[in-house]
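Working notes for the structure below.
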Protein chains: 2
Amino acid sequence: MAAQRDQGHNGDQPPATVADAPAREVTARDVPAARERARAIPEAAVARLAVYLRVLSAMGEDGVTTISSEELAAAAGVNSAKLRKDLSYIGSYGTRGVGYDVDVLISEIERILGLTRKHSVAVVGIGNLGHALANYGGFPSRGFPVAALFDVDSDLMGVPVGGIPVEHIEDIESICREREVTIGVIATPPSVAQDVCDRLVSGGVQCILNFAPVVLGVPDHVEVRKVDLAVEMQILSFHVARRADEAQAEVTVDGTRPGVGEAVVGR
Amino acid sequence: MAAQRDQGHNGDQPPATVADAPAREVTARDVPAARERARAIPEAAVARLAVYLRVLSAMGEDGVTTISSEELAAAAGVNSAKLRKDLSYIGSYGTRGVGYDVDVLISEIERILGLTRKHSVAVVGIGNLGHALANYGGFPSRGFPVAALFDVDSDLMGVPVGGIPVEHIEDIESICREREVTIGVIATPPSVAQDVCDRLVSGGVQCILNFAPVVLGVPDHVEVRKVDLAVEMQILSFHVARRADEAQAEVTVDGTRPGVGEAVVGR
DNA sequence: ACGACTTTGTGCCTGCGTTCACAAGCGGCT
DNA sequence: AGCCGCTTGTGAACGCAGGCACAAAGTCGT
Ligand SMILES: NC(=O)c1ccc[n+]([C@@H]2O[C@H](COP(=O)([O-])OP(=O)(O)OC[C@H]3O[C@@H](n4cnc5c(N)ncnc54)[C@H](O)[C@@H]3O)[C@@H](O)[C@H]2O)c1
Ligand SMILES: NC(=O)c1ccc[n+]([C@@H]2O[C@H](COP(=O)([O-])OP(=O)(O)OC[C@H]3O[C@@H](n4cnc5c(N)ncnc54)[C@H](O)[C@@H]3O)[C@@H](O)[C@H]2O)c1
């Protein structure tokens with residue numbers, strides 16, 4: 001059973017490595033005591049580090065203290081060379097001939113990912129999806145406490161969802177500032193997503209996770225990631241179509257379908 | 001206001017272009033009537049095509065009949081050269097000096113993405129997230145009708161969610177076959193995700209969208225995409241940390257912080 | 001009918017990310 | 001104490017994807 005293709009998560013991101021300082025001359029590049037040489041970690045590697053962290057946490061709870069690159073790679077569904085290279089971006093914490101200390105690796109990855117500080121989250125749009133997000137225990141437990149919920153619907157005001165009362169969207173700037181929200185999650189209808197985004201930004205929010213199927217415009221200093229389920233579905237659909245075409249083309253050519261599998265049976 | 005970085009969606013995917021036929025000699029590559037030369041479209045491009053499709057649909061409804069690469073690129077938040085290259089993968093449907101016909105582009109992209117056939121979806125795990133997904137109108141409206149819901153909780157059996165009754169997980173294989181489900185969505189707790197996945201696969205499901213934070217093992221002929229919100233958060237967290245470090249390093253060096261913006265005020 | 005303008009399609013170049021393969025390093029065994 | 005084998009860390013090569021810039025091509029205006 002093959003492990004799933006890694007997919008880099010949403011991790012692909014644009015072209016670049018993380019170092020995108022545009023024109024500045026030297027800046028921090030060659031600072032001696034360079035605050036973390038967290039410089040130039042490829043975005044795709046960051047996404048994988050988060051996966052390694054989850055796997056390592058689970059291992060740690062199972063009492064595993066040491067792990068080799070081969071084992072960890074298998075558990076995370078990646079190639080071991082890639083895993084070692086990813087880890088090498090954050091430093092040399094392995095012991096040759098032995099492997100990595102699970103606890104050490106966990107704290108180093110947490111440090112690089114900035115998980116030593118808690119990042120307060122605000123969810124905007126407490127509808128179907130917003131409810132699920134607000135109730136999701138996986139955020140607080142991973143260092144992302146939900147600090148505020150917002151909606152425009154007056155029936156929802158004050159109603160606690162996942163233990164937190166819903167507040168009015170008009171108060172978003174002040175509340176975000178007050179509670180030092182760093183991550184805003186947009187789960188509103190697409191039509192108001194840009195407006196909500198602008199308000200979040202003016203409330204000092206630095207990062208946005210957007211579920212609404214629209215392209216958001218933001219200032220340079222704000223980071224946006226989007227989760228677009230329809231796009232995910234369509235990518236899957238593309239693969240189905242491609243397989244069907246391929247299978248058919250092969251049959252056309254030589255009548256055999258080597259190793260593709262029996263999935264296309266019915267059609 | 002800068003458009004958000006494109007992020008390729010989950011679209012990064014592994015290394016490769018989509019043509020991963022391993023050893024086969026010629027196959028369909030040079031078949032004359034090559035069923036779609038949908039060969040070798042980069043995965044990242046596929047993800048963007050889905051975005052273009054959404055933008056185009058919206059434009060079409062607004063009565064726009066023709067659009068230039070520049071306009072479409074702006075609306076989709078990408079570079080116009082990249083957009084033209086993406087469109088060139090599916091053929092030449094533009095008119096020089098004029099632009100693209102919106103309707104033509106829509107049908108060509110739909111064709112390539114395999115949206116001409118409807119893909120039935122099954123959602124497994126009708127908890128917080130499963131409810132939201134089952135109620136989401138964005139799937140059916142984009143050609144992904146929800147054909148079945150599954151859970152293990154007996155209290156949920158027969159209860160309609162989003163108009164569809166929940167069925168028991170034990171029946172998943174037969175129902176998936178019967179209703180020709182091609183896409184399975186996993187929204188169960190992580191501990192049972194692999195088991196659910198195996199059942200979906202043996203029910204003939206070819207594609208899986210996985211929300212549970214685990215790495216799924218599947219046969220080669222099955223395509224998995226995962227949506228891991230904790231990973232998304234951690235990537236955002238990483239960027240916050242990096243910015244903070246960079247800002248601090250710059251202050252250390254020369255005391256000025258050119259153009260980064262005023263987001264880091266509080267800290 | 002012809003010219004000028006607009007916009008596409010793409011060849012080329014650059015740069016990132018992945019993979020391979022191996023030397024360096026460390027623990028354990030004898 | 002020294003050697004052997006295992007595993008890390010990384011130098012180098014490769015391949016894909018992105019972006020530039022321009023020639024081809026078609027339209028619109030005169
Ligand atoms: N439900 C899903 O599974 C799902 C899946 C993928 C994407 N999405 C996207 O997520 C978003 C939310 O989906 P949903 O199903 O939860 O929709 P929903 O209609 O159930 O919820 C939207 C909520 O946003 C609130 N809202 C409306 N305008 C607002 C404003 N100006 N400020 C603050 N809140 C406002 C509404 O009161 C409502 O509570 C949509 O953009 C949708 O496309 C949802
Ligand atoms: N809620 C969110 O916003 C959110 C966000 C990100 C990820 N996730 C992930 O999505 C998954 C679901 O989250 P949730 O919040 O909806 O959890 P939940 O506990 O509300 O729902 C899980 C559902 O799965 C059902 N289930 C359990 N075992 C099953 C089985 N063997 N077969 C079929 N169904 C079974 C349960 O009865 C329950 O209805 C989890 O893996 C979670 O980590 C959820």
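To find a chain, count down the sequence lines: A is the first, B the second, and so on, and within it residues start at 1.
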Worksheet item: Looking at C:dT7, does its base get a donor-acceptor pair with the side chain of B:R96 below 3.5 Å?
Response: no

Worksheet item: Can any side-chain N or O of A:S107 pair as donor or acceptor with the backbone N or O of A:D103 at less than 3.5 Å?
Response: yes

Discussion item. Can you identify which nucleotide, out of D:dG9, D:dA21, C:dT18, has its nearest atom closest to the A:Y89 side chain?
Written reply: C:dT18

Worksheet entry | D:dG18 OP1/OP2 closer than 4.0 Å to side-chain N/O of B:R48 | yes

Discussion item. Given 3.5 Å as the limit, does a donor-acceptor pair link the side chain of A:H119 with the main chain of B:Q234, or not?
Written reply: no

Worksheet, complete the sentence: Looking only at C:dT8, D:dG19, D:dG9, the nucleotide nearest the B:Y100 side chain is C:dT8

Worksheet item: Is there a residue in residues 60-71 of chain B whose heavy atoms reach under 4.0 Å of DNA chain C, and which residues are they?
Response: B:S68, B:S69

Item to complete: Rounded off to whole Å, could you give me the CG-to-P distance for the B:N79 and C:dT7 pair?
Response: 16 Å

Item to complete: For the pair B:Q194 (side chain) and B:G217 (backbone), establish whether a donor and an acceptor sit closer than 3.5 Å, ignoring hydrogens and angles.
Response: yes

Worksheet item: Rounded to whole angstroms, how far apart are CG on B:L72 and C1' on C:dT8?
Response: 13 Å

Fill in: Spacing between B:D101 atom CG and D:dT27 atom P, to the nearest angstrom
13 Å

Item to complete: Using atom CD1 of A:I41 as one end and atom P of D:dT10 as the other, report the distance to the nearest whole Å.
Response: 13 Å

Worksheet item: For the side chain of A:K82, counting heavy atoms from C-beta on, which of C:dG9, C:dT19, D:dG19 is nearest?
Response: C:dT19

Worksheet item: B:D86 has an atom CG; how far is it from atom C1' of C:dT8, in whole Å?
Response: 14 Å

Discussion item. If you assign B:A45 and B:V98 each to the DNA chain D nucleotide with the nearest heavy atom, which residue ends up on the more 5' nucleotide?
Written reply: B:A45

Fill in: For B:I90 against B:R111, the heavy-atom pair lying closest together
O-NH2, 4.2 Å

Worksheet item: Do A:R225 and A:E43 sit within salt-bridge range, that is, some charged N less than 4.0 Å from a carboxylate O?
Response: yes

Item to complete: Taking A:T95 for its side chain and A:V98 for its backbone only, find out whether a donor-acceptor pair lies under 3.5 Å.
Response: no

Worksheet item: Could you give the CZ-to-C1' distance, from B:R84 to D:dG18, as a whole number of Å?
Response: 13 Å

Item to complete: Give the rounded distance in Å between these two atoms: CG of B:L83 and C1' of D:dA17.
Response: 15 Å

Item to complete: Side chain of A:S92 only, please: which of D:dT10, C:dC26, C:dG17 is the nearest?
Response: D:dT10

Worksheet item: When rounded to the nearest 0.5 angstrom, what is the spacing between CE in B:M59 and CD1 in B:I67?
Response: 4.0 Å

Worksheet item: Quick one: does A:K85 reach the base of C:dT19 with a side-chain donor-acceptor pair under 3.5 Å?
Response: yes

